[in-house]
Amino acid sequence: MDVMSIVIAAVVIGAVGILAAVLLGIASEKFKVEVDWKEEAVREALPGNNCGGCGYPGCDGLAAAIAKGEAKPDACPVGGPDVANKIAEIVGGDVSAVKKVAFVKCAGNCEKAKDAYEYVGPQDCKIASNSPGAGPKACSFGCMGYGSCVKACQFGAISIVDGIAVVDKDKCKSCGMCVAACPRNIIEMVPYDAGAKVQCNSKDFGKDVKAACSVGCIGCGICAKNCPEGAIAVENFLAKVDYSKCTGCGTCKEKCPVKIIE
């Protein structure tokens, strides 16, 4: 190959490269997607856990929703007040002052709750719930204690203590992943400073509750009758607290015959 052939080849390659760069530049301008500066700023303020606790597909999805006004500035449960305030400065809007944490509606530990049979299988609540009776515990509404919620929590806020799940509310980031992971729906989000909380989820008749667990709510209604604020009602044989009315006076806890109100 002579020198002229090498020069021609180099020129052709260079020309092709320049042409490709020009075409790519034109295409990038023609097809570029405009990104709202607010969306970028909100995404930068979000913590980046991508836990899905907000109900959107990760932090990118939430940032887009907030920028469009489809979600509130405090929609990220993990970021807390600090992140919510930063986002509110970017897009405007109201920020809720109420922090919520996960609460396990069961006090039926190994000593207080009875087993219907001995379970042999994977230590997973969802799998165990498919066994006879929806699990080995005599109470089909209580915590099975196999830790599906513990595995789902990214923040180490839940542990299994004496056969039931217990939440460290100071570590809880309100993402709600434990709520979604529990097959018995016994975990709910409650205000951080909730005054009274009912540690039971059973909707059975009182006598059936007592046969399965010594600390189950029997639906007697004494707490509701004695609450000075009308913050408790009995639905489906189970006491429920209206946290917006509860003042934490402790009357319900004092009057409860089975001491199931925390």
Side-chain angles (χ1 to χ4, degrees), residues 100-220 223 237-241 248 250 252-262:
K100 290 192 173 183
V101 294
F103 171 67
V104 180
K105 298 182 289 183
C106 183
N109 59 28
C110 297
E111 178 186 353
K112 298 169 182 175
K114 298 177 182 178
D115 288 332
Y117 57 88
E118 183 179 353
Y119 170 74
V120 178
Q123 300 296 290
D124 181 270
C125 299
K126 291 184 178 180
I127 295 176
S129 66
N130 293 317
S131 60
K137 277 196 171 181
C139 174
S140 60
F141 297 93
C143 176
M144 288 184 282
Y146 296 128
S148 290
C149 54
V150 176
K151 298 171 187 173
C153 180
Q154 301 180 25
F155 308 99
I158 308 181
S159 56
I160 302 299
V161 180
D162 198 14
I164 58 172
V166 177
V167 177
D168 182 338
K169 69 178 187 178
D170 291 319
K171 290 183 179 180
C172 179
K173 300 297 183 181
S174 310
C175 70
M177 297 303 288
C178 57
V179 177
C182 179
R184 289 192 169 177
N185 301 314
I186 65 169
I187 304 177
E188 69 174 349
M189 305 307 296
V190 303
Y192 179 88
D193 57 356
K197 300 187 288 290
V198 180
Q199 293 180 285
C200 185
N201 190 49
S202 177
K203 299 173 181 62
D204 282 335
F205 287 104
K207 64 181 182 63
D208 296 326
V209 172
K210 295 299 290 183
C213 180
S214 64
V215 291
C217 177
I218 57 177
C220 64
C223 55
F237 313 108
L238 179 65
K240 296 187 68 176
V241 179
C252 55
K253 177 180 180 179
E254 179 185 345
K255 297 293 184 180
C256 178
V258 290
K259 305 303 178 185
I260 194 58
I261 301 179
E262 178 184 285

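Predicted, not measured: the structure shown is a model, and the values here were computed from it.
Nearest heavy-atom pair, G108 versus C213, reported as atom, atom and distance to 0.1 Å: CA-SG, 3.9 Å. Between G142 and C106, the closest heavy-atom pair is CA-SG, 4.0 Å. Residue G216 comes nearest to V258 through the heavy atom pair O-CG2, 3.5 Å, listed as atom of the first residue, atom of the second, then distance. Between A165 and C143, the closest heavy-atom pair is N-SG, 3.3 Å. Here the closest heavy-atom approach between residue K259 and residue K253 is recorded as NZ-O, 3.8 Å.
Between the side chain of K137 and the main chain of K114, no donor-acceptor pair closer than 3.5 Å is present. Listed for the N109 side chain is a donor-acceptor partner under 3.5 Å among the backbone atoms of K112. Checked by atom type and distance alone, the side chain of R184 pairs as donor or acceptor with a backbone atom of A134 at under 3.5 Å.
Few gaps surround NZ on K210; more than 12 heavy atoms of other groups in view lie less than 6.0 Å from it. Around NZ of K171, the count of heavy atoms belonging to other residues, nucleotides or ligands within 6.0 Å does not exceed 12. Other residues, nucleotides and ligands contribute only 12 or fewer heavy atoms inside 6.0 Å of the NZ atom of K255. Residue K203 qualifies as enclosed at atom NZ: its count of foreign heavy atoms under 6.0 Å is above 12. K173 NZ: 12 or fewer foreign heavy atoms inside a 6.0 Å radius.
D204 contributes atom CG, which lies 5.5 Å from atom OG of S140 (distance to the nearest 0.5 angstrom). Here the CG atom belonging to N185 is positioned 11.0 Å from the CZ atom belonging to F141, to the nearest 0.5 angstrom. Rounded to the nearest 0.5 Å, atoms CD1 (I261) and SG (C223) are 4.5 Å apart. To the nearest 0.5 Å, atoms CZ (F103) and SG (C178) are separated by 12.5 Å. Separation of atoms SG (C182) and NZ (K126) is listed at 9.5 Å; rounding is to 0.5 Å. Once rounded to the nearest 0.5 Å, the distance linking OG of S202 with CD1 of I186 reads 11.5 Å.
Counting heavy atoms from C-beta on, the side chains of Y119 and P132 never come closer than 4.5 Å. Counting heavy atoms from C-beta on, the side chains of S129 and M144 come closer than 4.5 Å. Contact check for D124 versus K151: side-chain heavy atoms found under the 4.5 Å cut-off. At a threshold of 4.5 Å between non-hydrogen side-chain atoms, the residues C172 and K100 do not count as touching. When side chains are defined from C-beta on, C175 does not count as touching Q154, because their heavy atoms never get closer than 4.5 Å. Looking only at side-chain heavy atoms (C-beta outward), I187 and C149 come within less than 4.5 Å of each other. With a 4.5 Å cut-off on side-chain heavy atoms, I160 and V166 do not count as touching. I127 is listed as a side-chain neighbour of P122, based on a closest heavy-atom distance under 4.5 Å.
Listed by chain and residue number, Q199, V215, I260 satisfy the side chain to side chain contact (heavy atoms under 4.5 Å, CB included) test with A107 (two or more places apart in sequence, or in another chain).
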Show the numbers, then the answer: is there a side-chain contact (heavy atoms from CB on, under 4.5 Å) between L238 and C200? CA-CA 8 Å; L238 179 65; C200 185; 4.2 Å; yes
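Side-chain atoms of Y117 and S131 form a donor-acceptor pair, as typed in the model, at a separation below 3.5 Å.
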